[in-house]
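Accompanying notes for the structure given below.
It should be emphasised that the depicted structure is a prediction, and the values quoted were computed from it without experimental measurement.
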Amino acid sequence: MSLIFRLASRNLFQDRLRFIATIVGIVFSIVLVSVQLGLFLGFETMVTTMIDHAPADLWIVARGTKCFEDPSLFDKSNRARATSVAGVADAIPVIIGFSEWSDPQGGTTPVFLVGSDAGGLRPWNIVGGNLADLSKPGAVAVDRSYFDRLGVNGIGDTTTVRDLDLHIAVVTKGIRSFTTTPYVFAPLARAQAYIGTPANRISYLLVRLAPGANVEAVRGQLLKKLTKVEVLTPAEFRKRSRDFWLFGTGAGAALFGGALLGVIVGAVIVAQTLYSSTKDHLTEFATLRAMGSSSFYIQRVIISQAMLSAVIGFACAACLDLVVLVSTANSALPVVMTPRLMAWLFAITVVMCIASAIAAIVQVTRIDPALVFKQ
């Protein structure tokens with residue numbers, strides 16, 4: 001094995017310019033794939049961030065709701081019917097919707113209102129103020145990453161939404177929207193006023209079950225008592241939201257397409273390099289064949305070259321991925337890297353490089369050992 005590795009490394013490093021071109025191709029390919037898949041994971045996480053943080057065992061949604069951001073409404077009277085079902089501890093109303101935020105400097109910007117009272121969908125990761133402050137007249141919560149967009153500097157700043165006064169009472173960190181529209185949290189009634197929704201209309205009911213209650217049994221009873229709504233588990237609502245945004249809008253296809261393009265480009269570059277390297281060393285390989293080396297032995301040399309390229313290229317790509325990860329951490333759509341994703345990327349790198357070695361292996365297996373005696 002040491003002889004195979006030594007021969008493979010010498011073949012690979014002999015032409016340094018070609019070796020650098022190979023590594024650059026692999027790095028470009030893997031970084032492109034990792035960024036695309038990292039964006040996919042970041043997008044997937046941000047799509048369901050509200051669902052993930054909502055204290056709900058079941059979601060009651062308007063029939064046909066496609067995702068959390070779907071502004072479909074239903075009658076608030078469903079809450080009384082829902083709480084009358086055995087096993088339901090509470091059903092907390094939530095309102096969502098878009099509105100116009102008046103920039104203190106004179107402009108306007110769209111915002112996404114999330115309204116709910118105590119026990120419902122409330123802001124988290126609070127770095128300024130506290131939840132109790134939202135009970136004050138006109139108080140709202142915003143994320144500090146949107147200060148520039150909203151034209152504010154922090155707690156105490158005032159402005160209007162739909163000509164209704166408000167002031168920043170709570171500041172959060174890291175609650176960002178994948179649509180880049182800032183989230184604004186407020187109590188239910190105030191959010192309804194900011195959106196312009198009637199008081200008897202809501203977007204969701206967050207159902208909390210009593211201890212020991214059976215989820216499916218309660219869901220069945222809710223469906224019998226309520227009309228024009230659906231009852232979803234958090235997992236079902238997450239899947240529906242992800243499927244809509246990632247595949248219904250084509251965003252997922254675009255990210256996967258970019259990743260596939262990266263693999264193809266990298267594979268072509270590596271295949272071309274390995275093929276050229278093998279062709280330049282046909283005499284040496286013919287000598288090995290004439291000395292009695294088997295085709296399998298030579299194939300192992302070429303595959304070892306591919307593996308060396310994979311390891312070196314992946315190590316360089318991982319360093320660049322770390323830079324991308326840090327630089328996008330506070331952006332509107334951060335790139336997410338997980339140990340599982342890195343393992344998959346390494347596997348993709350190895351498979352890509354070994355598959356690229358096939359052309360070189362085919363060339364070697366056709367070598368006539370007599371070639372060495374013609375030189």
Side-chain angles (χ1 to χ4, degrees), residues 37-74 78-79 81-83 85-97 112 114-116 119-125 174-179 183 185 202-253 255-256 333-341 343-344:
L37 294 181
L39 285 172
F40 183 89
L41 289 180
F43 191 75
E44 186 181 51
T45 300
M46 294 183 74
V47 160
T48 62
T49 185
M50 291 295 173
I51 302 173
D52 295 337
H53 286 87
D57 298 305
L58 290 170
W59 286 74
I60 297 177
V61 307
R63 186 175 297 164
T65 296
K66 298 179 179 64
C67 60
F68 176 83
E69 290 74 19
D70 189 337
S72 300
L73 302 171
F74 60 90
N78 281 292
R79 184 189 184 192
R81 290 194 288 272
T83 53
V85 172
V88 174
D90 201 358
I92 305 164
V94 175
I95 186 71
I96 57 113
F112 190 82
V114 179
S116 186
L121 183 50
R122 310 280 272 174
W124 63 95
N125 289 348
I175 305 181
R176 295 186 297 269
S177 167
F178 64 93
T179 64
Y183 286 125
F185 291 85
I202 57 175
S203 303
Y204 305 110
L205 282 172
L206 307 182
V207 177
R208 300 175 68 176
L209 301 184
N214 182 277
V215 173
E216 290 303 321
V218 171
R219 173 154 65 168
Q221 290 301 311
L222 287 171
L223 289 173
K224 289 179 181 178
K225 284 209 169 191
L226 309 179
T227 59
K228 298 182 180 180
V229 299
E230 296 179 76
V231 182
L232 306 174
T233 64
E236 290 170 340
F237 200 18
R238 286 189 198 99
K239 184 179 185 303
R240 180 177 295 193
S241 291
R242 285 170 179 161
D243 288 348
F244 174 75
W245 286 113
L246 293 174
F247 306 112
T249 63
L255 293 173
F256 275 125
L333 184 55
V335 175
V336 174
M337 295 287 173
T338 65
R340 185 177 181 181
L341 175 59
W344 274 106

Leu58: which of Leu222, Val88, Leu232 passes side chain to side chain contact (heavy atoms under 4.5 Å, CB included) =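 So the option named by the test is Leu222.
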Less than 4.5 Å apart, side chain to side chain, heavy atoms only: is that true for [X] and [Y]?
X	Y	answer
Val94	Leu205	no
Val231	Trp59	no
Arg79	Leu226	no
Ile92	Leu121	no

What are the two closest heavy atoms between [X] and [Y], and how far apart are they?
X	Y	result
Leu206	Pro55	CD1-CD, 4.2 Å
Tyr183	Glu69	OH-OE2, 3.5 Å
Trp124	His53	NE1-NE2, 3.1 Å

Which side chain to side chain donor-acceptor pair (under 3.5 Å) pairs, counting each pair once, include a residue from residues 203-212, with sequence neighbours left out?
->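 Non-adjacent pairs meeting side chain to side chain donor-acceptor pair (under 3.5 Å): zero.
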Stepwise side chain to side chain contact (heavy atoms under 4.5 Å, CB included) check, Phe244 with Asp70 = CA-CA 11 Å; Phe244 174 75; Asp70 189 337; over 6 Å; no
Could you list all the salt bridge (Lys or Arg N to Asp or Glu O under 4.0 Å) pairs where at least one residue sits in residues 224-238, not counting sequence neighbours?
->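 Counting only pairs at least two positions apart or across chains, the salt bridge (Lys or Arg N to Asp or Glu O under 4.0 Å) contacts touching residues 224-238 are Asp52-Arg238, Arg219-Glu236, Glu230-Arg240.
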Residues Ile175, Thr49; criterion side chain to side chain contact (heavy atoms under 4.5 Å, CB included); working and verdict = CA-CA 8 Å; Ile175 305 181; Thr49 185; 5.5 Å; no
Partners of Ala213 by side chain to side chain contact (heavy atoms under 4.5 Å, CB included), sequence neighbours excluded?
->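 Result, side chain to side chain contact (heavy atoms under 4.5 Å, CB included) vs Ala213: Leu209, Val218.
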Pairs of donor and acceptor atoms involving the side chains of residues 60-68, under 3.5 Å and at least two apart or interchain, shall be tabulated with distances.
from	atom 1	to	atom 2	distance (Å)
Thr65	OG1	Ala62	O	2.6

Can you tell me how far CG of Asn214 sits from CD of Gln221, rounded to the nearest 0.5 angstrom?
->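 So the CD of Gln221 and the CG of Asn214 are separated by 11.0 Å.
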Set of side-chain hydrogen bond (donor to acceptor under 3.5 Å, both in side chains) partners for Asn78, sequence neighbours left out =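 Expected list: Arg81.
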For Trp344, what residues pass the ring-ring contact (aromatic ring centres under 6.0 Å, His included) criterion, not counting sequence neighbours?
->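 Applying ring-ring contact (aromatic ring centres under 6.0 Å, His included) to Trp344 gives none.
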